[in-house]
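Right, one structure below, let's go through it.
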Amino acid sequence: MDTFLKAMDRLAALAAGGERAPALDPAAVMARIAALPVEAERDDFPVGLFLGLGASAVAAAAVVAAIAFPAWTDIMHPLANQAVLPGVTTFLR
Amino acid sequence: MHDADEEDKAIIARVLAGETAAFSRLVEKHGQAINQQMRTFSRDPAVSEELAHEAFVEAYLGLAGYRGDAPFRHWLARIATFTGYRHWKSLKRKAREVPFQDGWDAEAPGPEEEEPRDAESAKRLLHDLLAALPERDRLVLSLAYLEGCGTGEIAERLGWNRSIVPMRVFKAKMKLKRLARKEPWKGRLAWIPF
């Protein structure tokens with residue numbers, strides 16, 4: 001073995017002695033654990049956020065489509081006027 | 001499996017059943033060993049104790065993930081190793097963010113020294129020298145030199161395949177040797193006949 005690695009092994013053997021670390025105070029660790037934020041319940045699934053993000057994605061896609069394909073909106077507008085709006089009006093009544 | 005391991009498992013079952021206070025028994029049993037282990041990651045006793053606390057909190061949070069196929073103390077030692085490693089990483093990040101604030105817990109190499117004759121000066125020299133290596137090499141050699149871990153234990157602690165450990169240790173040692181031949185370490189290690 002080369003002299004450098006031998007010297008490192010000697011150092012390591014010497015370093016293994018010396019002062020030992022003290023035991024930990026369990027109360028200090030338990031205090032930290034007690035201070036942890038309460039875990040979110042599994043059934044607290046953020047339904048509102050999920051639906052909101054979904055609706056936003058659909059709206060964004062519609063805007064992009066309207067900008068990118070004006071011809072598509074020309075077709076869709078009359079269809080919307082004829083089918084969707086009367087349906088909504090009936091539902092509201 | 002030893003009685004001590006069975007006792008740990010019984011305590012863990014109680015903690016997982018909602019008896020959080022039972023965890024303090026695990027801290028009592030393994031606190032000293034983990035505190036000692038964290039001295040590898042910082043020579044400052046206050047910092048190493050803080051890291052040991054952090055390791056126990058992480059162990060508590062991940063307790064449901066302990067499968068029980070290895071003794072709890074091995075699982076805990078692995079968590080503590082990664083806690084310490086993250087500490088080094090965060091110190092390095094901070095040192096990068098504030099470039100004029102020199103170094104983390106590594107001391108600047110001192111003037112030419114003689115071969116250390118006592119444990120504390122040997123530890124100081126090893127810590128300082130290893131701190132100059134990249135983190136992964138530092139970690140593997142810290143486990144070997146400061147914690148006295150063999151191939152199997154290094155593999156277990158780092159989650160590596162046992163077969164790659166000797167090569168990684170060898171490469172890290174060679175990097176250390178190259179480093180030691182350059183200033184400022186060359187002067188401090190002048191007692192080693194290269």
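Reckoned from all heavy atoms, side chains included, excluding hydrogens, waters and symmetry mates. Predicted, not measured: the structure shown is a model, and the values here were computed from it.
- Closest approach of E120(B) to E19(A), counting heavy atoms only: OE2-N, 3.5 Å.
- Within the structure, side-chain hydrogen bond (donor to acceptor under 3.5 Å, both in side chains) contacts touching residues 48-68 of chain A (residues at least two apart or in different chains) do not occur.
- The distance from the OG atom of S24(B) to the CD1 atom of I33(A) is 9.0 Å, given to the nearest 0.5 Å.
- In terms of heavy atoms, I192(B) sits closest to F4(A) at CG2-CA, 3.8 Å.
- Between M30(A) and T20(B) the shortest side-chain heavy-atom distance falls below 4.5 Å.
- Taking CG of L141(B) as the start and CE of M8(A) as the end, the distance is 10.0 Å to the nearest 0.5 Å.
- Looking at Y60(B), only its side chain comes within 4.5 Å of chain A, counting heavy atoms on both sides.
- Enclosure of atom NZ in K177(B) by more than 12 non-hydrogen atoms of other residues, nucleotides or ligands within 6.0 angstrom is indicated.
- Heavy-atom pairs under 4.5 Å with chain A were tallied for M38(B), E147(B), R25(B), R117(B); the largest tally goes to R117(B).
- Looking at every heavy atom in both residues, A15(A) comes nearest to K123(B) through O-CE, 2.9 Å.
- In this structure, CD on Q36(B) lies 4.0 Å from CZ on R20(A), to the nearest 0.5 angstrom.
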Report task. Carefully, step by step, assess D118(B) and L14(A) under the rule side-chain contact (heavy atoms from CB on, under 4.5 Å). Result -> CA-CA 7 Å; D118(B) 61 274; L14(A) 192 57; 5.8 Å; no
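- Using a 4.5 Å cut-off on side-chain heavy atoms (C-beta onward), E115(B) and L11(A) make no contact.
- Residues L36(A) and F23(B) are members of one and the same hydrophobic cluster, defined by side-chain heavy-atom contacts under 4.5 angstrom among Ile, Leu, Val, Met, Phe, Trp and Tyr.
- With chain B as the partner, the residue from A13(A), P22(A), A34(A), A7(A) showing the most heavy-atom pairs under 4.5 Å is P22(A).
- A 6.0 Å sphere centred on NZ of K29(B) holds more than 12 heavy atoms belonging to other residues, nucleotides or ligands.
- Residue R181(B): no heavy atom, backbone or side chain, is found under 4.5 Å from chain A.
- Looking only at distances, no side-chain donor or acceptor of N35(B) sits under 3.5 Å from a matching main-chain atom of L24(A).
- The existence of a salt bridge linking E50(B) and R32(A) is confirmed by a sub-4.0 Å separation between a basic side-chain nitrogen and an acidic carboxylate oxygen.
- Here the NE2-CG distance, from H53(B) to D25(A), works out to 6.5 Å after rounding to the nearest 0.5 Å.
- Cluster annotation: F82(B) is not connected to V29(A) through the hydrophobic network of ILVMFWY side chains, with a link wherever side-chain heavy atoms come within less than 4.5 Å.
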